[in-house]
Chemist: 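To start, I am sharing the structure in question, which I have written as structure tokens.
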Amino acid sequence: QVQLVESGGGLVLAGGSLRLSCTTSGRTFRNIAMGWFRQAPGTEREFVAGISCSGLITDYGESVKGRFTISKDNAKNLMDLQMNSLKADDTAIYYCAAIYGCPTIVRTSPKVYDYWGQGTQVTVSS
């Protein structure tokens, strides 16, 4: 069982930055690929960013490329999402997710992720 805990959401002005973090306990962290998804009211869950087990391979949704950066520190059991140049359209609940095992590519469909955090609200005020 992998329990994911997110932190770092909040309210920020458009153009500002936020950093989200996700952690889990146990020895499994280096054996899980991870990702961030978001969901605004009335919309489907959207892929934001993903990272491989090693942290060396990343992928991003088109709407966040060049603004968001995902990172994974296996020594600290910590995955971060640095969000810069935030826009009102980035407002959503952000979820940390994990796949146990190490796919060779970053998976972008929420259907293949095995574990989910509780979500953290990000609100960008324009």
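Note that the structure is a prediction, hence the values are computed from the model and not measured.
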Chemist: Report the distance from atom CD of Q82 to atom CG of L20, rounding to the nearest 0.5 Å.
Modeler: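 The distance works out to 9.0 Å.
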
Chemist: For Y100 and T28: C-alpha separation, side-chain torsions, deciding distance, then whether side-chain contact (heavy atoms from CB on, under 4.5 Å) applies.
Modeler: CA-CA 8 Å; Y100 192 83; T28 61; 3.8 Å; yes

Chemist: Using the rule side-chain contact (heavy atoms from CB on, under 4.5 Å), only one of L81, V106, D80 pairs with I70; which is it?
Modeler: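 Testing I70 for a side-chain contact (heavy atoms from CB on, under 4.5 Å) against L81, V106, D80 leaves exactly one candidate, L81.
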
Chemist: Looking at CD of Q121 and CD of E6, how far apart are the two atoms once the value is rounded to the nearest 0.5 Å?
Modeler: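 Going from CD on Q121 over to CD on E6, the span is 12.0 Å.
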
Chemist: Tell me, please, whether Y95 has R45 positioned over its six-membered ring: NZ or CZ under 6.0 Å from the ring centre and within 45 degrees of its axis?
Modeler: yes

Chemist: So if I apply the side-chain contact (heavy atoms from CB on, under 4.5 Å) rule between D90 and each of T123, L18, V12, V124, which one comes out positive?
Modeler: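 Of the listed residues T123, L18, V12, V124, the side-chain contact (heavy atoms from CB on, under 4.5 Å) partner of D90 is V124.
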
Chemist: At what distance, to the nearest 0.5 angstrom, does CD1 of I51 lie from SG of C22?
Modeler: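 Reported to 0.5 Å precision, the distance equals 11.5 Å.
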
Chemist: Does K72 qualify as a cation-pi partner of F29, given the criterion of NZ or CZ under 6.0 Å from the six-membered ring centre and within 45 degrees of its axis?
Modeler: yes

Chemist: Mind running side-chain contact (heavy atoms from CB on, under 4.5 Å) on C53 and R30 for me, showing each step along the way?
Modeler: CA-CA 6 Å; C53 292; R30 61 180 64 251; over 6 Å; no

Chemist: Between T23 and N77, does any side-chain donor sit less than 3.5 Å from a side-chain acceptor?
Modeler: no

Chemist: Quick test of your reading of the model: are R107 and D59 salt-bridged, counting only N-O distances below 4.0 Å?
Modeler: no

Chemist: Do T120 and S7 pass the side-chain contact (heavy atoms from CB on, under 4.5 Å) test, and can you show the C-alpha distance, the side-chain angles, and the key distance before you say yes or no?
Modeler: CA-CA 7 Å; T120 185; S7 61; over 6 Å; no

Chemist: Classify the ring geometry of F37 against W116: parallel below 30°, tilted from 30° to 60°, perpendicular beyond 60°.
Modeler: tilted

